[in-house]
Amino acid sequence: MNEIVAYRTLDGDYSDDNIQGSKPIKKFSEDALNIMRHDMAHILAEAVISLFPTAKPTIGPFIKNGFYYDFDIERSLNEEDINKIESKMSEILKEGRGFDKKIISKNEALKIFKGNSYKIDLIENIKDKKLTLYEQKNFIDLCKGPHHQNTSEYDAHFKIINISGAYWRGISTNKMLQRIYATAWFSKKDLENHLKNIEEAKERNHRKLGTEMGLFLLTEFSAGNVFWKANGLTLYSNITNYIREEQRKLNYFEVKTPELVSNELWVKSGHWDNFKENMFTTETDNKTFALKPMNCPCHIVLFNSELITYKDLPLRYSEFGKCHRYEPSGALNGLFRVRGFTMDDAHIFCTEDQIYEVCNETSTLIEKIYKEFGFTKVKYNISTRPEKSIGSDEDWENAEVQLKKVLSDSGKIFNILEGEGAFYGPKIEFTLEDSLGREWQCGTIQIDFNLPSRLGAKYKDKNDDNKTPIMIHRALVGSLERFIAIILENTNGWLPLLITPIQLAILPISEKFADYCNELNIKINHKIRSIVDDSDNKLGYKIRSSVAKKIPYTLVIGEKEIESGNFTLRNKSGENKIINNIESLIDFFE
RNA sequence: GCCUUCGUAGCUCAGUGGUAGAGCACUUGCUUGGUAAGUAAGGGGUCGGAAGUUCAAUUCUUCUCGGAGGCACCA
């Protein structure tokens with residue numbers, strides 16, 4: 001039997017043809033899995049067509065963990081339909097299907113797909129004169145392939161995951177189609193494992209953890225805005241305090257600027273023209289105000305209020321700035337995407353020559369903070385000059401070279417996203433990977449050649465001439481709200497000791513020891529975020545309850561401890577550590 | 001914003017065209033217990049909101065608000 005499924009070309013595409021430089025794709029490899037998933041998309045399409053003969057198939061690629069197929073179907077599919085489709089797919093697989101490749105002309109293709117306007121659209125947009133079809137027993141699809149010869153070459157284990165809407169060609173003015181998402185694997189075990197991972201991710205959902213740990217509330221009274229509870233605010237403050245200390249070491253000036261700002265500033269900055277639709281506005285005293293969607297113009301207002309000389313540069317303004325952006329209702333997503341969020345923002349004013357120094361210190365800071373909060377896998381992207389941009393060639397060239405140098409000097413491997421920079425300057429983006437393998441773009445360093453001159457920022461150089469500074473926008477974790485969600489899901493609520501809202505639960509074995517515990521709590525709670533559970537419950541119950549609240553340590557206090565003066569510190573897994581006195585206990589948490 | 005779907009007690013969720021139920025939590029009593037649920041009793045809900053159909057709506061219909069999963073969007 002043939003052990004080669006298809007080929008992988010030099011540019012990474014899959015192909016049936018062994019073009020020069022291609023690598024063979026072996027059976028059951030990762031690439032073969034993708035091809036199998038694409039096979040399954042065709043099987044799905046056959047199943048759907050057999051159950052809904054008027055349905056028009058459109059496109060159906062493989063994706064991470066599975067595949068989808070978009071259909072135009074007269075009525076919307078329900079749970080029952082899904083079950084039927086799954087059964088039908090199983091039937092088809094039992095019979096087995098071969099995928100026969102046919103090369104035909106455009107005209108022939110137009111004839112074959114004449115009832116399907118979507119396929120016609122695709123065919124008309126294909127440049128080649130010849131195109132390929134893959135034909136199976138009861139279904140034929142326009143498809144560049146490749147496919148396995150026959151489904152009998154493997155066991156496919158699949159499951160339909162969900163149905164959703166998706167615009168034809170991804171354009172929101174086009175018709176919305178029905179997208180069927182499914183997952184597929186070569187073994188039952190892989191499938192089950194994947195389904196288990198989905199369950200695991202649900203268990204770790206930050207909304208669930210937020211409720212269990214008493215962190216925050218999301219309510220209809222302000223969709224997209226967070227009500228922080230005491231524990232959540234403790235967490236939030238612990239993060240900002242840590243960042244604040246680190247910034248202080250780097251000579252930042254922390255500032256606070258208004259949330260409500262006259263549109264005069266937004267008109268000047270250009271935000272009014274470009275982003276008015278995404279800003280919350282209000283009319284008061286016949287003037288228009290907007291909630292700030294970002295902090296930069298406000299920081300330039302501060303910069304302009306003083307006489308700044310070259311001796312003051314680099315000048316670093318930081319702000320935990322509360323920003324508001326109107327996000328479409330469908331975009332809101334727990335703490336991940338909100339309408340009111342706090343940026344750990346800073347704007348650093350400097351000269352061209354200082355770009356390297358500033359970006360280097362910022363990059364180091366970002367690394368340090370990610371590490372402290374438990375993220376060690378970081379990816380780096382540099383986005384370069386787009387077609388539509390402002391600023392001189394020299395400025396762009398200089399800035400891009402310096403950004404690249406910052407990363408390469410510290411031994412980082414990075415991607416270059418050509419032309420992906422903002423119109424006002426290039427940027428570095430920091431993406432971290434969490435324990436479930438998901439990636440989150442958090443930190444960013446952006447050079448700005450535009451806004452300082454637009455808002456008239458000036459400093460005096462050595463010759464007493466007015467110069468326009470370069471401004472560097474910089475965020476470390478990005479939105480604090482979003483970062484808290486990421487860190488919660490990454491740790492499943494077992495937050496780093498530094499930031500966890502409650503570090504220690506003191507558990508008296510019985511009421512008799514409650515006073516001792518409360519006194520102990522008073523002695524330590526200026527250094528340790530501790531609570532006493534003096535409820536009338538048994539020890540086992542109290543332990544269970546503190547574990548459920550994700551409190552990392554407990555101290556069990558009974559006759560033994562009081563007599564010996566020792567403390568037994570229990571961690572979440574039930575391991576004990578003997579501590580001799582209060583000082584050592586405090587040291588442990590510091 | 002669009003598609004699908006959901007909204008019942010503090011939390012997780014059952015259920016019904018005749019105004020509701022469980023577990024956990026909570027309160028009280030008993031229990032004073034040594035490492036993940038001791039025990040009994042009790043309180044608690046305009047069934048997201050509005051309108052409509054009906055003798056009767058939490059249940060059906062429409063609108064609206066909010067959530068979830070996607071799509072689009074994300075300076």
Side-chain angles (χ1 to χ4, degrees), chain A residues 63 68 70 73 75-79 81-82 161-181 198 201-202 205 207-208 211-212 214 217-224 266 269-279 292-297 323 325-334 336-339 341 343 422-424 427 441 444 446 448 450-451 473 478-479 482 505 507-514 534-549 554-561 568-576:
Chain A
I63 50 172
Y68 68 78
D70 288 349
I73 309 177
R75 70 168 175 84
S76 27
L77 299 176
N78 56 38
E79 194 97 351
D81 298 326
I82 292 308
I161 298 292
N162 59 14
I163 316 175
S164 75
Y167 299 109
W168 168 237
R169 287 187 176 278
I171 296 165
S172 61
T173 47
N174 282 350
K175 185 167 185 187
M176 185 156 267
L177 308 170
Q178 296 189 62
R179 174 170 296 179
I180 302 176
Y181 280 100
I198 294 175
K202 268 188 207 161
N205 188 292
R207 284 160 280 229
K208 185 170 147 59
T211 304
E212 286 167 3
L217 180 69
L218 298 168
T219 104
E220 62 194 51
F221 291 117
S222 187
W266 306 116
S269 70
H271 290 96
W272 196 255
D273 279 345
N274 294 309
F275 306 111
K276 194 169 76 179
E277 301 307 310
N278 301 306
M279 289 160 72
K292 64 176 171 187
M294 44 177 48
N295 306 297
C296 22
C323 297
R325 294 179 185 178
Y326 171 78
E327 300 284 359
S329 58
L332 300 178
N333 182 203
F336 285 141
R337 188 92 174 264
V338 288
R339 287 179 173 158
F341 61 97
M343 268 206 271
F423 76 93
Y424 51 77
K427 61 181 173 187
Q441 201 249 298
T444 172
Q446 303 189 11
D448 191 335
N450 174 51
L451 210 52
H473 308 250
S479 147
R482 179 165 167 270
L507 312 181
I509 283 192
S510 81
E511 223 172 84
K512 282 186 287 192
F513 312 107
D534 54 7
S535 64
D536 179 21
N537 286 308
K538 287 195 170 180
L539 182 62
Y541 186 95
K542 291 181 186 183
I543 287 174
R544 184 186 154 81
S545 150
S546 76
V547 171
K549 288 180 198 142
T554 57
L555 218 48
V556 175
I557 304 289
E559 215 159 302
K560 273 194 283 183
E561 286 73 20
T568 309
L569 193 63
R570 180 195 195 275
N571 71 11
K572 65 179 163 105
S573 334
E575 291 148 359
N576 289 322

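No experiment lies behind these values; they were computed from the predicted model shown. Quick note: numbers below take in every heavy atom, side chains included, and nothing from hydrogens, waters or symmetry partners. Throughout, a chain's letter reflects where its sequence line sits, starting with A, and its residues are numbered from 1.
- Here Ser164(A) pairs with nothing under the side chain to side chain donor-acceptor pair (under 3.5 Å) rule; sequence neighbours left out.
- The salt bridge (Lys or Arg N to Asp or Glu O under 4.0 Å) check on Glu511(A) picks up nothing, with sequence neighbours excluded.
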Where each pair must be Watson-Crick or G-U wobble with both distances under 3.5 Å, what dot-bracket representation of RNA chain B is obtained, with crossing pairs in [ ] and other-strand partners as |? (((((((..((((....[..)))).(((((.......))))).....(((((..]....))))))))))))....
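- Every pair passing salt bridge (charged side-chain N to carboxylate O under 4.0 Å, His left out) that includes a residue from residues 161-170 of chain A is listed here, sequence neighbours excluded: Asp121(A)-Arg169(A).
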Tabulate protein N/O versus nucleotide N/O from nucleotides 35-38 of chain B, keeping only pairs under 3.5 Å, one per line.
from: U35(B); atom 1: O2; to: Arg570(A); atom 2: NE; distance (Å): 2.6
from: A37(B); atom 1: N7; to: Arg544(A); atom 2: NE; distance (Å): 3.4
from: A37(B); atom 1: N7; to: Arg544(A); atom 2: NH1; distance (Å): 3.1
from: A37(B); atom 1: N7; to: Arg544(A); atom 2: NH2; distance (Å): 3.1
from: A37(B); atom 1: N6; to: Arg544(A); atom 2: NH2; distance (Å): 2.4
from: A37(B); atom 1: N1; to: Arg544(A); atom 2: NH2; distance (Å): 3.2

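- For the ring-ring contact (aromatic ring centres under 6.0 Å, His included) test, residues two or more places apart in sequence or in another chain that qualify with Tyr181(A) are Tyr68(A).
- Evaluation of the side chain to side chain donor-acceptor pair (under 3.5 Å) rule for Lys175(A) yields Asp72(A) as partners, not counting sequence neighbours.
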Tabulated below should be each protein N or O lying under 3.5 Å from an N or O of nucleotides 67-70 of chain B; please produce it.
from: A68(B); atom 1: OP1; to: Arg207(A); atom 2: NH1; distance (Å): 2.3
from: A68(B); atom 1: OP1; to: Gly334(A); atom 2: N; distance (Å): 3.2
from: G69(B); atom 1: OP1; to: Arg207(A); atom 2: NH2; distance (Å): 3.4
from: G69(B); atom 1: OP2; to: Asn333(A); atom 2: ND2; distance (Å): 3.3
from: G69(B); atom 1: O2'; to: Asn162(A); atom 2: ND2; distance (Å): 2.6
from: G70(B); atom 1: O3'; to: Tyr181(A); atom 2: OH; distance (Å): 3.1
from: G70(B); atom 1: O2'; to: Ser164(A); atom 2: OG; distance (Å): 2.3
from: G70(B); atom 1: O2'; to: Tyr181(A); atom 2: OH; distance (Å): 3.4

Polar pairs (N or O, both sides) under 3.5 Å between protein and nucleotides 7-10 of chain B?
none

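- Residues satisfying the side chain to side chain donor-acceptor pair (under 3.5 Å) criterion with Asn78(A), sequence neighbours excluded, are absent altogether.
- Partners of Tyr424(A) under the ring-ring contact (aromatic ring centres under 6.0 Å, His included) rule, at least two apart in sequence or in another chain, are His473(A).
- By the salt bridge (Lys or Arg N to Asp or Glu O under 4.0 Å) test, Arg544(A) is found to be paired with no residue, residues two or more places apart in sequence or in another chain being considered.
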